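Step one of this worksheet: look at the structure below.
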Amino acid sequence: MECAFEKVSSLFDDGEEFQTEKVSRNGYQLKLLACIVNQLHRIAIGMPIEEIPGGMPISQLSTLGYLYFTRKGDIYQRDLESFFKLRRSTVSSQLDTLEKRGLIQRVAVPHDARLKKLVLTEKGVRIGDQVLQNLGQVNTLLIRGLNQEEVTVLTELLEKLEKNLSQTAL
């Protein structure tokens, strides 16, 4: 799976050397990031996860993954809204589907009748195990060829990018 850098470079081709100008080109970083995200998505959906019900979108797998990683604490719908930066209606619809598929349960909490704690079912935990394994494989592919210092810098840069986007109200 390759990104079509030649196609991207032709979008900017004004007779200048592309490689030396790519850092200052308007939108290049975003196009490159979109290419990387697309490749990661293709890799992720191509990995076999036997337990997954057919047609489950990556967004639902992401929600299961979040619940899997944070299952030691109490997680509520608002936590998913905040983490994924999604609207209440979007998360609610996603949770409805996951509940219908038998992957999560909404459990009432004694201190507030309005709150429902989100809990993975056994089937949800099995899928979470497989998602974790696949994420590890994708992460290994992503950082292949980078030394520890580069991995640290990459992580810091990604955190800064996420913070920048989080602070922007669209």
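Because only heavy atoms are used, hydrogens play no part in the values below, and waters and symmetry mates are left out as well, while side chains stay in. Numbers for residues simply follow the sequence, beginning at 1. Computed from a predicted structure; not experimentally measured.
Under a hydrophobic clustering in which Ile, Leu, Val, Met, Phe, Trp and Tyr are joined whenever their side-chain heavy atoms come within less than 4.5 Å, directly or via other members, L120 and F83 fall into the same cluster. When hydrophobic clusters are built by joining Ile, Leu, Val, Met, Phe, Trp and Tyr residues whose side-chain heavy atoms come closer than 4.5 Å, directly or via intermediates, Y66 is not grouped with V119. Side-chain heavy atoms closer than 4.5 Å link hydrophobic residues (I, L, V, M, F, W, Y) into clusters, and following such links, possibly through other members, connects L132 to I75. A continuous path of ILVMFWY side-chain contacts below 4.5 Å connects L32 to L141, so both sit in one hydrophobic cluster.
Annotation: ring pair (Phe, Tyr, Trp, His ring centres under 6.0 Å) contacts of Y76 (sequence neighbours excluded): none. Not counting sequence neighbours, the partners of E99 by the salt bridge (Lys or Arg N to Asp or Glu O under 4.0 Å) test are R106.
Residues D79 and D74 are not in side-chain contact: their nearest non-hydrogen atoms beyond the backbone lie 4.5 Å or more apart. A 4.5 Å side-chain heavy-atom check between R88 and Q77 finds at least one atom pair inside the cut-off. Within the 4.5 Å cutoff, side-chain heavy atoms of L98 are placed close to those of Q60.
Interatomic distance, CD of E81 versus OG of S89, reported as 8.5 Å (0.5 Å rounding). The distance from the NZ atom of K117 to the CG atom of L67 is 12.0 Å, given to the nearest 0.5 Å. The line from CG of D96 to CZ of R101 is 12.5 Å long, rounded to the nearest 0.5 Å. Separating the CG atom in L61 from the OH atom in Y68 is a distance of 14.0 Å, to the nearest 0.5 Å. Once rounded to the nearest 0.5 Å, the distance linking CG of L142 with CD1 of I36 reads 7.5 Å.
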Exercise for the section: Apply side chain to side chain contact (heavy atoms under 4.5 Å, CB included) to the pair L86 and L80, showing each step before the final yes or no. Expected result: CA-CA 8 Å; L86 295 171; L80 293 172; over 6 Å; no
Exercise for the section: Quick one: do L118 and T63 satisfy side chain to side chain contact (heavy atoms under 4.5 Å, CB included)? Show the steps, please. Expected result: CA-CA 11 Å; L118 303 174; T63 299; over 6 Å; no
Exercise for the section: Carefully, step by step, assess L115 and R78 under the rule side chain to side chain contact (heavy atoms under 4.5 Å, CB included). Expected result: CA-CA 10 Å; L115 282 178; R78 68 173 179 249; 3.3 Å; yes
Problem - Verdict with supporting geometry, T121 and I104, side chain to side chain contact (heavy atoms under 4.5 Å, CB included) - result: CA-CA 5 Å; T121 63; I104 67 162; 5.6 Å; no
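Of all heavy-atom pairs spanning K123 and G102, the tightest one is CB-O, 4.0 Å.
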Result block: side-chain N/O donor-acceptor pairs under 3.5 angstrom for residues 144-162, not counting sequence neighbours:
residue	atom	partner	partner atom	Å
N147	OD1	E149	N	3.0
N147	OD1	E150	N	2.8
E150	OE1	N147	N	2.8
T152	OG1	Q148	O	3.0
T155	OG1	V151	O	2.8
E162	OE2	K85	NZ	3.2
E162	OE2	S166	OG	2.7

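Under a 3.5 Å cut-off, the side chain of T140 and the backbone N or O of G136 do form a donor-acceptor pair.
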